[in-house]
Visitor: 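Encoded as structure tokens, here's the structure I'll be asking about.
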Amino acid sequence: MESVGVGLLGLGTVGTAVARRLIDEWELLGERAGATPVLRSVAVRDMSRARDVDLKNAKLSDDARAVVADPALAIIVEAIGGTDPATALIESALRAGKAVVTANKAVMAASGPRLLGLAAEHGAHLYFEASVGAGLPIIGLLQGSLLGDRIAVLDCVINGTTNVILTRMRTPGTSFDAALADAQRRGFAEADPSLDVDGWDAAHKLVILAWLALDAHIAPEAVDRVGIREVGGADVVALAQLGYRVRLLAHAERASEGAVHLRVRPTAVATGQLLHEVDDADNAVIISSDLAATVMVRGLGAGGASTASAVVSDIVTAVRERNAPPARARSARPDVALMSDEDVEVAGYVRVRLSAEADARALVLQALEDRGLAVDAAVDGSESELIVLTGLAPRAVHDRALETLDTLTSVDKILGALDRVEA
Ligand code: NDP
Ligand code: HSE
């Protein structure tokens, strides 16, 4: 059977799992692809590090550029991460007419439409299924099965690391650092975990999804983004007792006038809402569209094996399509209008410690209503704590109401505040 040379850049969590699959299952993959993808060359940063995979006949080097330039390699797999030097390496491979498979959401969020244009210019293919949700087939779904739909809303859990941390925090006394260390040990976290914790990784993925689903390519910096550093364990536990689970929710929507809104924020998700059950490193994407109505994809969204599933599938596709012209790139309007974050309607949760002032509870609830926030529920906690579930209102109204609470003599302290979604 014909063979097709593959070069792999990076041999960390993802690269190792990809190399193992290519080496262990070459025969099966060859049958499926119609020609055998053969791993011939691997580039790493540090040649002295011990590796967790037997590379057999593949050559190991620390020269990624040489791997990209090697004429014996028709497919380049980028599993380095970050934008530099990954972007330049991908560009070189595409300019040389090679197929590129990448798991890199930072690169695809910043430069995806441009890189697909470059690929088309040079008759090359660019595949990036692993960049969102690891093994969840969400990119294929948006680029294939739902091409006839108009998609209005995406609601997602698309960062495994923060979902592991928030899941573990439901157990009282869990330390944030220990939960993050667990996600790192299991290979879920980015090399720089602040990308996960501060919501950048989810923002990158949301930008990619919104590009494919809403035809709008937004800079990652324009996403309304709040990470999970300020989420208190006491809020996660209190919300769990009320039937809510805190998730780093990624939400994208297109308003009827065409403006779009993308946000990544810690959010209390009610029992019965589809994302409520998505615990630990599971990810899920809910697509709301005019024809298919509601479609949900859920599965393990991080880790070497799950990511290798998407990367190796893309390699098989690249072998199959090696003689085909590149598919038409999805259009992306970079000039699309953004909805003002302040105008977007959200529901809320706030936990305060009341002062000893007479009627403090009633005064707090009255102040919220006076500021235009409906009180959906008020729950008394121990030690003068009051939890209020506030109704749907523009974010600016919530922000102003919190500012008011901060000035009230009936409030000792605002202990926590989060967005909230109901079933
Ligand atoms: P790792 O940090 O585990 O691995 C990165 C690899 O890249 C290492 O082998 C490193 O070499 C190598 N590397 C770094 N710089 C260079 C360079 N200049 N030249 C050659 N090799 C280099 O990262 P992951 O495997 O976790 O992630 C890789 C990519 O996949 C990222 O884009 C990430 O966002 C994405 N991804 C990760 C998932 C996950 O669950 N881990 C899931 C989905 C996507 P060395 O080993 O010598 O240090
Ligand atoms: N760091 C990412 C996460 C890896 O935790 O979801 C998967 O893209």
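Numbers for residues simply follow the sequence, beginning at 1.
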Visitor: Find out whether L206 and I158 are in side-chain contact, i.e. whether some heavy atom of one side chain is under 4.5 Å from a heavy atom of the other.
Guide: yes
Visitor: Using a strict cut-off of less than 4.0 Å between a Lys/Arg side-chain nitrogen and an Asp/Glu carboxylate oxygen, indicate whether D280 and R168 qualify as a salt bridge.
Guide: no
Visitor: Which heavy atom in L166 sits nearest to a heavy atom in L248, and how many Å separate them?
Guide: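 Heavy atoms only, the tightest pair is CD1-N, 3.5 Å.
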Visitor: In a check of side chain to side chain contact (heavy atoms under 4.5 Å, CB included) between R351 and each of V388, V379, L418, D235, which one passes?
Guide: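 Of the listed options, the one satisfying the test is D235.
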Visitor: Heavy atoms, side chains only, cut-off 4.5 Å: are L275 and I286 in contact?
Guide: yes
Visitor: Which heavy atom of G82 sits nearest to which heavy atom of V107, and what is that distance?
Guide: O-CG2, 3.5 Å
Visitor: With salt bridge (charged side-chain N to carboxylate O under 4.0 Å, His left out) as the test, would you mind laying out the steps for D182 and R186 before giving the verdict?
Guide: CA-CA 6 Å; D182 177 41; R186 293 160 73 193; 3.3 Å; yes
Visitor: Side chains of Q273 and Y244: donor-acceptor distance under 3.5 Å anywhere?
Guide: no
Visitor: Between D46 and R49 (salt bridge meaning N to carboxylate O under 4.0 Å), is one present in this structure?
Guide: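 The answer is no: the pair does not qualify as a salt bridge.
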Visitor: Determine, stepwise, if the pair R371 / E369 fulfils salt bridge (charged side-chain N to carboxylate O under 4.0 Å, His left out).
Guide: CA-CA 5 Å; R371 291 293 171 278; E369 299 213 333; over 6 Å; no
Visitor: Inspect the contact between D279 and R245 and indicate whether a charged nitrogen and a carboxylate oxygen are less than 4.0 angstrom apart.
Guide: yes
Visitor: Have T162 and N159 got a donor and an acceptor in their side chains that come within less than 3.5 Å?
Guide: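 The criterion, which ignores hydrogens and geometry beyond distance, is satisfied for N159 and T162.
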Visitor: Applying side-chain contact (heavy atoms from CB on, under 4.5 Å), run through F128 and V100 and close with a yes or a no.
Guide: CA-CA 8 Å; F128 52 101; V100 172; over 6 Å; no
Visitor: What's the shortest heavy-atom distance between L373 and G391, and which atoms?
Guide: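 Of all heavy-atom pairs spanning L373 and G391, the closest is CD2-O, 3.9 Å.
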Visitor: Do NZ/NE/NH1/NH2 and the carboxylate oxygens of R298 and E277 come within less than 4.0 Å?
Guide: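 So R298 does not pair with E277 through a salt bridge.
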Visitor: Taking R263 first and then D341, would you say they form a salt bridge - that is, a charged N and a carboxylate O separated by under 4.0 Å?
Guide: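 Between D341 and R263 there is no salt bridge, as every charged N stays at least 4.0 Å from the carboxylate O atoms.
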Visitor: Using the salt bridge (charged side-chain N to carboxylate O under 4.0 Å, His left out) rule, take R254 and D215 through it: C-alpha gap first, then chi angles, then the decisive distance, then the call.
Guide: CA-CA 10 Å; R254 180 184 280 287; D215 299 307; 5.5 Å; no
Visitor: Going by an N to O cut-off under 4.0 Å, is there a salt bridge joining E25 and R32?
Guide: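 No.
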Visitor: Looking at CD1 of I76 and CG of L9, how far apart are the two atoms once the value is rounded to the nearest 0.5 Å?
Guide: 6.0 Å
Visitor: Could you measure the distance from the CH2 atom of W211 to the NE2 atom of H217? Nearest 0.5 Å is fine.
Guide: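 Spacing of CH2 (W211) from NE2 (H217) equals 6.5 Å.
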Visitor: Consider side-chain hydrogen bond (donor to acceptor under 3.5 Å, both in side chains). Of H204, K105, Q184, which one does E190 pass it with?
Guide: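 That would be K105; it is the only one of H204, K105, Q184 passing the side-chain hydrogen bond (donor to acceptor under 3.5 Å, both in side chains) with E190.
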Visitor: When rounded to the nearest 0.5 angstrom, what distance separates CD in E129 from CD in Q143?
Guide: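 E129 CD to Q143 CD: 8.0 Å, rounded to 0.5 Å.
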Visitor: I need the minimum non-hydrogen distance between I218 and L338, along with the two atoms involved.
Guide: CD1-CD2, 3.7 Å
Visitor: Mind telling me whether H251 and H261 have parallel, tilted or perpendicular rings, with 30° and 60° as the class edges?
Guide: tilted
Visitor: Would you mind reporting whether L354 and V364 have side-chain heavy atoms less than 4.5 Å apart?
Guide: yes
Visitor: As an exercise, state the distance from CG of D412 to CG of L415, rounded to the nearest 0.5 Å.
Guide: 9.0 Å
Visitor: Could you tell me if D192 and S194 have a donor-acceptor pair between their side chains, going purely by distance under 3.5 Å?
Guide: yes
Visitor: How far apart are the closest heavy atoms of G303 and T307, and which atoms are they?
Guide: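 So the two residues come closest at O-OG1, 2.6 Å.
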Visitor: Between K205 and D201, is there a salt bridge with N-O shorter than 4.0 Å?
Guide: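 K205 and D201: salt-bridged.
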Visitor: Taking atom CZ of R247 and atom CG of D282, what is their separation to the nearest 0.5 Å?
Guide: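 The CZ atom of R247 sits 9.0 Å away from the CG atom of D282.
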Visitor: May I have the step-by-step check of salt bridge (charged side-chain N to carboxylate O under 4.0 Å, His left out) for D198 and R229, ending in yes or no?
Guide: CA-CA 7 Å; D198 294 326; R229 278 187 207 276; 2.7 Å; yes
Visitor: Between atom CG of L389 and atom CG of D376, what is the distance when rounded to the nearest 0.5 Å?
Guide: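 With rounding to 0.5 Å, CG (L389) is 6.5 Å from CG (D376).
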